[in-house]
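Below: one structure, written as structure tokens.
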Amino acid sequence: MATSFLKTTPNVFHRHQNHLAFFANSTSTRTSVPVSRKSRSRSFPVVSVSATPVQTSIVKSPPSSKNTGIPIMVNACTGKMGKAVINAAEAAGLHVVPVSFGCEEESGQTFEIGGRDFLVHGPSDRESVLASALEKYPNLIVVDYTVPNAVNGNAELYCKVGVPFVMGTTGGDRDLLHKTVEDSKNYAVISPQMGKQVVAFLAAMELMAEQFPGAFSGYSLQVLESHQASKVDASGTAKAVISCFNKLGVSFDMDQIKLIRDPKQQLEMVGVPEEHLSGHAFHMYHLSSPDDTVSFEFQHNVCGRSIYAEGTVDAVLFLAKKIEEKDDKRLYNMIDVLREGNMR
């Protein structure tokens, strides 16, 4: 009988069996060492750390009674993350200014988001628009959820104008991104993962890898990750977790990650709620001992985008505090935000 440190609901157990079956039966080229049928029929100890899929789509709460008065500009406000951040920020009492950067096709258009109108500006007038916004809102902080190929150009602009920013967009040249901030002495929080709880999990994994290198030497690893069909690359979070397992002694290449992008498999095998097929992040990491007598499993499932939006708001509040304190450090990440210990 398999045992678990956490009480597992029947639907999670059913998905667990489906996951193992997928690992064993898949003929995909993205395959790690398959779980043998013999090992699955044995009675062996299982240490399972799993989470049921939690709906995290934003439910609007009444505006905070304490309005922080912090003005923020959300770039790519028409995107799914942009809209989620606007809703979360307004619920927290931040003042979202009614202007945003967008693509050329959106330039000059007004979009209604959360009952308010936002004027979107294209690439050609970004600098003048940002300078005007900063003049009108001296404490302005920019939130960036644009596209990977705009990351470095946008960061250079924010630093040139002198506007602190929170960068949630992934991609771009990350080393150059950090150097741009450091050279300009501008304030910024940069993180490809804004979900506070996910960041805490990653931090715990990094600590374990640092303290106990080689602890899982000889173990085999299988990784399954499911995201909306529009995400074509492997999850950066999955890659970060795998890097920790590598330090713990597990041999695993990034191209062995099983990417699930087919909605039918996501529904039937992974257990993604149908209403979240267009926005979810499900990850499962399965470790087996060399003789298949011990198995460890780590799983984290996110439905919707509010976990990232709420983390972004905390990053804004954190950055505003550091600016007010005139902190000597200028470049931060989400672990810095977590360590501050005053998240909502």
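Excluded from the calculations below are hydrogen atoms, water molecules and symmetry mates; all remaining heavy atoms, backbone and side chain alike, are included.
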Indicate the atoms forming the closest heavy-atom contact of [X] with [Y], along with that distance.
X    : Y    : value
G214 : S217 : O-OG, 2.8 Å
A320 : I70  : CB-CD1, 3.5 Å
L267 : P273 : CD2-C, 4.3 Å
G172 : V151 : CA-CB, 4.3 Å
A315 : V166 : CB-CG1, 4.0 Å
A234 : I257 : CB-CD1, 4.0 Å

Over 12 foreign heavy atoms within 6.0 Å of [atom1], [X]:
X    : atom1 : answer
Q109 : CD    : yes
D328 : CG    : no
K329 : NZ    : yes

Q: Could you tell me whether D336 and K322 have a side-chain N and a carboxylate O separated by less than 4.0 Å?
A: no
Q. What about the rings of F245 and F298, do their centers lie closer together than 6.0 Å?
A.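 Between F298 and F245, which both carry aromatic rings, the centre distance is below 6.0 Å.
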Q. Taking the six-membered ring where the residue is Trp, are the ring centres of F216 and F296 under 6.0 Å apart?
A. yes
Name the orientation class of the two ring planes belonging to [X] and [Y] (parallel below 30°, tilted from 30 to 60°, perpendicular beyond 60°).
X    : Y    : answer
H283 : Y285 : parallel
F101 : Y158 : parallel
Y332 : Y187 : parallel

Q) After noting the C-alpha distance and the side-chain angles of R261 and E225, does the key distance pass the salt bridge (Lys or Arg N to Asp or Glu O under 4.0 Å) rule? A) CA-CA 9 Å; R261 298 294 184 267; E225 63 97 321; 2.9 Å; yes
(Q) Does any part of the side chain of Y308, heavy atoms only, come nearer than 4.5 Å to the side chain of Q193, both counted from C-beta? (A)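 Yes; the side chains approach each other to less than 4.5 Å.
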